[in-house]
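Note that ligands are numbered from 1 as they come in the structure, with each ligand's atoms numbered from 1 the same way. It should be emphasised that the depicted structure is a prediction, and the values quoted were computed from it without experimental measurement.
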Amino acid sequence: MSPAMLAMTDGEANDVLHDNDDNDESLYQKGVRHLCEKPISKVPGKYILPIEERPLPTKPNSGRAPLISLPVVDFSELMSPSGRSATLVSLAKACENYGFFQLVNHGIPSGVIAGMIDGSTRFFEQPYEERAKYMSSDMTSPVRCGTSFNQSKDRVFCWRDFLKLTCRPMAQVLPHWPHSPADFREVASTYAQETNRLFLELMEAVLQSLGLKPRPLEGEGGSIMKQFEEGSQLMVVNCYPPCPEPDLTLGMPPHSDYGFLTLLLQDQVQGLQIQHREDWVTVEPIHGSFIVNVGDHLEIFSNGRYKSVLHRVLVNATRSRMSVATLHSLPYSCTIRPPPELVDEANPRRYMDTDFASFLKYISSCEPKKKNFLESRKLVT
Ligand code: OGA
Ligand code: NI
């Protein structure tokens, strides 16, 4: 995705299989929706992964990936004086053992959520020319449409189109956001504000669950929460059209997200898989809930205690799928490092200090043999 998308696919085996399909690079650059405007019955070679990277398990007799019920965190319990401490314990366990949880009773009105999914669906239903207005390879642009994962580098493309919106400071970025469909700015900015508010509450709980004081008293040191209030937020709207041969490709390759937390909204169509105990497991959507996951910055900040876990997206033959991810972090200018309370002799520092510039450098150099950005920040011990 965004800055968030890390692991890159490497499709050496591909060209041999389907070289005669691959004569229209500029068509693929226009995205999967555009490609599928004329019905197609085969996946072009450009999207076909080498066998070992395809979604089906390659171990004999292992069948389809199992479904997983992620740990559930009840936000209303987290906000209640009687439920908070027990919920902080479940939150900590989920971040340590899964890197993911489902957030229920989050308090964002269902109309805001339905409006976002509906507005996004209508955005992608527009003619290609509407999306083309926002296509750009400039990573710093506040609005960007594109396809695949890192479309200027990927040899094999993913079956995904996206719209990425920088969300803060809202007053500055909003005039750049798409003005068609007519209500898009309104639904998307309301959604961005609501998810940011939810992120701040969750982040305060995460800091507390790590034994930190999110809002120390006057004279006790700086407030970390103040920095998060001024933090960055990137919204990624993902569109995965139906795919004629879903076993040959992926909607998104294995990657981790770069920020502190990602709040993911998905529609009713399954597709997200996470890596759990070395296997790929499919996450079952719970209607109206958010999937929340730990990003690289939180793994670095927690000095390895909370895990940023690889995940990927499957596509399917019959149903189009939409998802909206919001990635939240500190301001782009901040250095991410663990606070002194989380480092001692028993827990020496595991990662180098990290800033946004080092991340951008990583994705533009894109060393293909490194699994992800986090890996590249590890201190050798
Ligand atoms: C992402 C992501 C998952 C999905 O946008 O980073 O992992 O289900 N999305 O679309
Ligand atoms: Ni992701």
Would you call [X]-[Y] a salt bridge at under 4.0 Å N-O?
X	Y	answer
R122	E125	no
K213	E341	no
E204	R84	no

Per-residue contact class, [X] against ligand 1 - non-hydrogen pairs under 4.0 Å:
X	result
L264	side chain
Q266	neither
T262	neither

Please state whether [X] comes within less than 4.0 angstrom of ligand 1, counting heavy atoms only.
X	answer
Y240	yes
R312	no
R160	no
V236	no

Show me which atoms of ligand 1 lie under 4.0 Å from any heavy atom of [X].
X	result
H311	7 (O)
A325	5 (O)
N238	5 (O), 9 (N), 10 (O)
V313	3 (C), 4 (C), 8 (O), 10 (O)
M252	1 (C), 2 (C), 5 (O), 9 (N)
D257	6 (O)

(request) Decide ring-ring contact (aromatic ring centres under 6.0 Å, His included) for Y258 and F373; before the verdict, give the C-alpha distance in whole Å, the side-chain angles of both, and the deciding distance to 0.1 Å. (result) CA-CA 8 Å; Y258 79 97; F373 177 63; 8.7 Å; no
(message) Can a donor-acceptor pair be found, under 3.5 Å and without considering hydrogens, that links the side chain of N293 to the backbone of D257?
(response)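 Checked: no pair found.
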(message) Tell me if a side-chain donor or acceptor on R185 pairs with a main-chain N or O of W177 at a distance below 3.5 Å.
(response)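 Pair found, side chain donor or acceptor close to backbone of W177.
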(message) Please report, to 10°, the angle around the Ni ion (ligand 2) from atom NE2 (H311) across to atom NE2 (H255).
(response)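 Roughly 90°, rounded to 10°.
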(message) Give me the atom names and distance for the closest heavy-atom approach of I291 to F100.
(response)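 Nearest pair, atom of I291 first, then F100: CG2-CD2, 3.5 Å.
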(request) Over all heavy atoms of both residues, which pair between K307 and V294 is shortest? Give the atoms and the distance, please. (result)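 Minimum heavy-atom contact is O-CB, 3.2 Å.
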(message) Suppose we only allow N, O or S atoms; which atom of D257 ends up nearest to the Ni ion (ligand 2)?
(response)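 Nearest N/O/S atom of D257: OD1.
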(message) Quiz question: by atom type and distance under 3.5 Å, do the side chains of Y351 and E299 form a donor-acceptor pair?
(response)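 Checked: Y351/E299 side chains pair up, N/O donor to acceptor below 3.5 Å.
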(message) Check for me whether the distance between the ring centres of F75 and F290 falls short of 6.0 Å.
(response)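 Here the rings of F290 and F75 have centres that are no less than 6.0 Å from each other.
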